[in-house]
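Here's the structure, in C-alpha cells; my notes come after.
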Amino acid sequence: MSTRQVGEKVQRREDPRLLTGNGRFVDDLGRGALHAAFVRSPHAHARILDIDIGDAWELEGVEAVYTWEDLPGRVAEPLPVLIPHPALTHPRTGYCLATQEVNHVGEAVVMVVARDRYLAEDACARIRVDYEPLPPVVGIPAAREAARLVHDDVPGNVAATLLQEVGDLESAMAAAPHRLTLDLAVERSASTPLEGRGVLARWDTDDGSLRLYSSTQTSTGLRAAVAAKLGLPLAKVEVVTPDVGGGFGVKIVHPWPEEVLVPWAARVLGHDVKWTEDRREHFVSAAHERGQLQEVTVGFDDEGHLLALDVRFWHDNGAYTPYGIIVPIITATQLLGPYKPGAYRVEFWSLYTNTVLVTPYRGAGRPQGCFAMERTMDAIAARLGLDRAEVRSRNFIQPEEMPYDQGLMFQDGRPLKYDSGDFPASLAALKALVGWEDFEGYRAEAERAGRRVGLGIGCYVEGTGVGPYEGGHVHVETDGRVNVATGLTTQGQGHQTVLAQVVADELGVRLEDVHVTTGDTRAMPYAVGTFASRGAVMSGNAVALAARVVRAKALRIAADALEVSPDDLEIADGVVSVRGAPGTAVDLGTVAVLANPLRYAFDTAAQAATQFAGTFDPQRPPVAEDDEPGLEGRDFYSPTQATFANGMHAAVVETDPVTAEVRILRYCVVHDCGVMVNPMIVEGQVHGGVAQGVGGALYERMVYDEGGQLLNASFMDFLMPYASEVPHVETDHLETPSPLNPLGLKGAGEAGTIPVSAVIASAIEDAEGIPIRSMPISPPELWALRQQHAAGTVTAQEGPS
Amino acid sequence: MKPAPFVHHAPRTVPEAVAVLAQVGHDGKVLAGGQSLVPLLSMRLVTPGHLVDIGGVAGLDAVEVDEAGVRVGALVRHAGLERHAEAADALPLLRQAVRHVAHPAIRTRGTTVGSVAHADPAGEMPAVLALCRGTVEVAGPRGGREVAAADLFTGPMETTLEPDELAVAVRFERFPAGTRTAFAESARRRGDYALAGVALAVTLAGEEVTAARASFVSVTPVPDVLDLTPVLAGLALPELPAGEVAELVRGHVDPESDIHAPAEYRRMLAAELTVRALRGLRDEARAGAA
C-alpha cells in the first residue's frame with residue numbers, strides 16, 4: 001500500500017537540479033539570439049525634445065535601433081490597464097518606448113538590438129536624447145500637496161480614491177469612551193527577485209508563429225497580451241516559462257514593455273531576440289511597493305474593545321497604474337485582520353509620483369494594513385495599561401462566528417468573508433511558543449545585565465487563493481508515466497513537488513511517476529497566474545479534480561478489462577486491483593493502452609490495443625460516444641471567493657543602549673494555512689517570508705532624492721538582508737481546513753512577510769518605551785528618535801482626537 | 001551592465017606589467033582580484049582603455065613572515081591571509097581585521113594589496129597598514145621604491161602611486177612586544193562597508209599602558225592614526241577613561257553623511273567602538289592574567 005503523500009515532508013524534487021546548476025532560466029536559453037538593451041530616462045520627469053541616435057548604427061554588430069516613432073499600430077499604444085476599477089478614475093499607463101514625456105528615471109526611451117549585450121550597451125552610450133526637465137513629484141507629501149502634477153490631466157495627482165464604510169462610523173466614534181489618533185508611515189521596498197525580468201522571443205518565419213520564453217508569473221496573461229499587441233492569432237503565440245528565479249509579485253505585471261518589444265523585434269528581424277534585465281534596470285524600471293502614509297483614529301471602551309475605526313491613507317502608486325488599485329484595496333480590507341472593528345470607515349487616495357510604478361510585492365498591501373491595525377492595538381493597550389495580547393484577544397472574531405462577513409468588498413470583487421480560523425487557539429499557541437507570560441522575568445534579568453530587550457506581537461488574516469480559476473490536466477502514458485500540467489507558473493515555490501503529491505494521492509500512483517509542467521501554454525492554455533498565495537489552493541485543487549476524472553476513467557476501463565464492478569477496484573502504486581484479490585490487477589499503463597484503441601502497434605504493450613488483439617467488444621464503437629481516447633482528463637477549480645489563512649508572530653529584540661543597533665533574538669510564528677500538503681515547503685515559505693519581512697522592517701528602503709533619482713539602485717546600497725540578518729524562525733502550525741475547497745487548503749506564500757514590520761515595531765517600542773510610528777527603522781534613525789524624545793521635541797502622536 | 005570595450009593585457013612578469021602600465025599611462029587600470037574594479041567596470045563608472053591583468057604574473061602570491069613583520073604579495077587573496085597561521089601569530093591584527101573584509105566569496109578573490117592600493121576609506125586593510133606603520137613596495141619604470149603608509153594615502157581612493165607604478169607587495173610591521181590589538185566595526189549588514197570601524201593597538205609594560213594608537217574605517221578620509229597614549233599612558237587598562245577616549249575619537253574622526261547614516265551617528269559609533277574595543281582588551285588582559 002502506498003504511503004499518503006499529502007501531509008508528508010517530501011523533499012523538494014526541484015532542488016537537486018537547481019542546486020547543481022542545472023536549472024534553465026531564460027538567460028540560459030537562446031544561444032545565438034540577438035540581445036536587446038535600452039536607453040532609459042535619466043530624468044524623473046521630462047519632455048523628450050529630440051532623439052539623436054547618432055553613429056550608434058555604425059558599430060559593427062548593431063542590428064537595430066528603435067524609438068517610439070518606429071513602432072507600428074498597437075505596439076505604439078499605451079500598455080493595458082490590467083485591472084480596471086470604477087474608483088480608478090484616472091488610470092495611466094506608459095508606452096513600450098516613451099514618447100513626448102518620461103515620468104520616472106528608468107523609463108525606456110530607445111531600444112537597441114545587437115549581436116551581444118556588450119555591443120548593445122556600447123550603442124546605447126552613443127545615443128543622445130535631448131530632454132526638457134520638468135519639476136518632479138517625489139514622495140507622498142508632494143503628491144498630496146499637488147503643487148506639481150505628474151500627469152497634466154490628472155488633477156491632484158489622484159489616480160483613485162475609494163471609501164468603504166461598515167456601520168455608522170460617526171456615531172460610534174462619538175460615543176466611544178476613548179479615542180486615539182496615530183500617524184503612521186511605511187517606506188517603499190521591492191520584490192527584488194534574484195533573477196530579474198527576462199524574455200526570449202523566437203519567431204518562426206515558416207510557421208508565422210511566435211514562441212516566447214519569459215520569466216513571468218503569468219504565461220497565459222502574457223500570451224493574450226502579446227498576441228493582442230502584435231495582432232497575432234492566439235493560436236500562433238506560445239508562452240513557455242522556464243525556471244524562474246523568484247517573482248514575489250513583480251512578474252505578475254504584464255506585458256512589460258520589453259515583453260512586447262522583444263517579440264516584435266524578433267518578428268521584424270526574423271531572428272531570436274533576448275533581453276535579460278540587469279540589476280540596475282530592475283531597480284529603476286520594474287516595480288516597487290509598500291509606500292503609504294496612514295492616519296488611524298480609533299474609538300474603544302474601557303476594556304479595549306474596538307467601537308469605531310477610521311482609517312485614511314495615502315498610497316504612492318508611482319508613475320503609472322497598470323495593475324490598478326489592487327494594493328490599496330488589499331490594505332483597506334485586510335487591515336482588519338482577525339478583529340471585529342466595530343464601525344469601520346476606510347478611505348484611500350492612490351497618488352501618482354515620478355517614481356517607479358507600484359504593483360504587488362509579496363504581502364501586497366497587507367503589511368501596511370497589518371502595521372496600521374497592530375500599531376493601533378499596541379496604542380490602545382498602552383493607553384489602558386492592558387496586556388497587548390489581551391487587547392487583541394478581546395477583539396477576536398471567535399471560531400463559532402465563522403464564516404464571518406466583514407461587510408467589505410475584497411480585491412476579487414467578492415465579499416470579504418472569512419471562511420475559517422481559530423484565532424484564540426492561534427494566540428494561545430503563540431504565547432506558549434514565545435513564552436509570553438515569562439517575558440517580564442526575562443526582561444528584568446536582561447536589565448540587570450545592562451541589556452535592553454522588548455517583546456512584540458502582530459496578527460494578520462490573509463485572503464488567499466483568489467479566483468477566477470486554475471486548471472489541471474492529467475495524462476497517463478502507456479508506461480505508467482503521469483504527466484500533470486497546470487497553467488500557473490512557478491518561481492521556485494516547489495509546485496513540482498506539491499502538485500505531484502496531490503496527484504499521487506488522488507490517482508494512486510507513485511510520486512516518482514508524476515511529472516509536473518507549469519506555466520506552459522502548450523500544455524495548459526487556460527490559466528490565470530501565480531499571485532495572492534494561490535498556487536496550492538488553485539492548482540492543487542485543480543489537479544486533484546483532474547486526477548479524479550482520470551481515476552474514474554481508469555476504474556471504468558479496468559473494470560471492463562477485469563470484468564468486475566468499478567466499485568470493487570482500488571488503485572495503489574499505479575496498479576488497479578480488485579479489493580481483497582490483489583492478484584487480479586492491471587497496471588495503469590495497460591489501462592492507458594486500452595484507453596486508446598489503436599490501428600498500429602508502436603511497441604509490444606501497444607499490441608493489446610490493436611484491432612485483432614481481441615480486447616474489445618465488437619458490438620461497441622472503439623471509442624464510445626460519450627468518451628474520448630486516452631487515459632487523461634482535465635478539470636478546473638473555480639471558487640466563489642478567497643479562502644482566508646491567518647497567523648500570529650512574536651519577536652524578542654534587543655536594542656543597544658548606546659548605538660541603537662537592533663538584534664532579533666527570537667522570532668516565533670504560528671501559522672494556519674489549513675491542510676498542509678507539504679509542511680516542509682510551508683515552513684520554507686514562512687521562513688522566506690519572514691526574511692523579506694525583516695528586510696522591510698529593518699533594512700530596505702528606496703532612497704529617492706528630491707529630484708527623483710534612486711540613490712541606492714544596487715545590492716550594495718539597497719540592504720536586502722543576508723542570511724546573517726535573518727533570525728532563526730520558530731514555527732508552530734494550526735490546521736483549520738478551509739471548507740471552501742476539496743483539499744481544505746489555504747495559501748501560505750505571503751504569510752511570513754505580512755506582520756513582520758508590525759511585530760518588530762512592537763518589540764522595539766516595548767524595549768525603548770518610545771512610540772514607533774514609521775518603518776523600516778535603522779539604528780541611526782532609532783538613535784535620532786531617542787535624542788528627540790530625550791529633548792522632548794517629539795509631540796505625542798496619539799493624543800485624544 | 002557590461003563594461004565598455006577595453007584592451008586586456010596579461011603580463012607574465014613584473015617588468016612586463018610595468019612596461020605596459022608605462023605605455024598606457026592614465027588610460028590603464030591594474031586588475032588583480034577585481035572585487036572593486038569589476039563592478040565599477042560593469043556599471044561603466046570607470047572606462048579604462050586598458051586592463052593590466054596581473055593574475056598571471058609570477059612571484060606575487062606569497063605571504064612571508066620574518067622578524068620585522070609580514071610581507072604580503074600582490075596576488076595574495078584576503079582569504080589566504082586570513083588562513084595564514086604564521087602571519088596571524090606575528091600580527092594578530094591581520095586576521096582580526098581581514099575577517100571583516102566583505103564576505104567569504106569576496107575574500108576568496110579580492111587581494112589585500114589591491115584593497116590597500118584602492119585606498120577606499122571604508123577598507124579595513126588600509127587602516128591596519130597605517131596602524132602598524134607598514135609600507136608598500138612599488139615597482140615602476142624608474143625602478144622600485146617603498147612608500148610608507150603615512151605617505152601613501154592622500155584622500156579617498158587617492159594615493160601617491162603613479163599610474164605607471166605597480167604595488168607588488170605590502171609590508172605589515174610587527175608591533176612592539178607587549179602589544180595587544182583589536183579590530184571592531186559595525187555595518188548595517190554583516191560584511192557590508194562599515195558605518196565605522198577601528199583598529200587598535202595598545203602596548204603594555206606589565207599592567208601599565210605605555211602606548212595606545214587607533215586607526216579608523218569609514219570615518220576618516222585617509223587612515224591616519226590617532227594617538228591615544230596621552231589619555232591612557234601610565235594607566236592600567238582596568239582604569240579605562242572611557243569618556244576621555246571617546247572625546248578624543250570624536251575629535252579625530254571626520255565622517256561624512258550618506259544614505260546609510262548621518263555623520264553624527266558615525267562619530268558616536270567610532271567612539272563607542274573604540275571604547276568597547278578597549279574594554280575587550282581589558283577583559284582579555286584580565287583573563288590572561290587570571
Check: Looking at A/Phe715 versus A/Phe283, is the centre-to-centre ring distance below 6.0 Å?
Finding: yes
Relative to chain B, which segment of [X] carries a heavy atom at a distance below 4.5 Å: side chain, backbone, both, or neither?
X	answer
A/Val703	side chain
A/Leu119	neither
A/Asp116	neither
A/Arg279	both
A/Glu121	both

Can you tell which part of [X] gets under 4.5 Å to a heavy atom of chain A, answering side chain, backbone, both or neither?
X	value
B/Met1	both
B/Pro39	neither
B/Arg266	neither

Note to self: Counting heavy-atom pairs under 4.5 Å with chain A, which one of B/Gly191, B/Ser186, B/Pro262, B/Ala4 comes out on top?
What the structure shows: B/Ser186
Next item on the list: Among B/Arg189, B/His260, B/Glu264, B/Arg188, single out the residue with the greatest number of heavy-atom pairs under 4.5 Å to chain A.
Entry: B/Arg189
Margin query: So which residue, A/Ser778, A/Pro779, A/Ala125, ends up with the most heavy-atom pairs under 4.5 Å with chain B?
Written below: A/Pro779
Item checked: Pairing residues for B/Ser215 by the side-chain hydrogen bond (donor to acceptor under 3.5 Å, both in side chains) criterion, not counting sequence neighbours -> none
Note to self: Looking only at side-chain N and O atoms, does B/Gln96 offer a donor or acceptor that is under 3.5 Å from a partner on B/Thr181?
What the structure shows: yes
Next item on the list: Would you check if there is a donor-acceptor pair between the side chains of A/Ser285 and A/Glu107 at a distance under 3.5 Å?
Entry: no
Check: What is the distance from atom CZ of A/Arg126 to atom CG of A/Asp55, rounded to the nearest 0.5 Å?
Finding: 4.5 Å
Checklist line | Spacing of B/Ser36 atom OG and B/Met157 atom CE [to the nearest 0.5 Å] | finding: 7.5 Å
Next item on the list: For the residue pair A/Ile777 and A/Ile760, establish whether any side-chain heavy-atom pair is separated by less than 4.5 Å.
Entry: no
Item checked: Pair B/His100-B/Phe183, ring-ring contact (aromatic ring centres under 6.0 Å, His included): steps then yes or no -> CA-CA 9 Å; B/His100 289 275; B/Phe183 190 94; 5.2 Å; yes
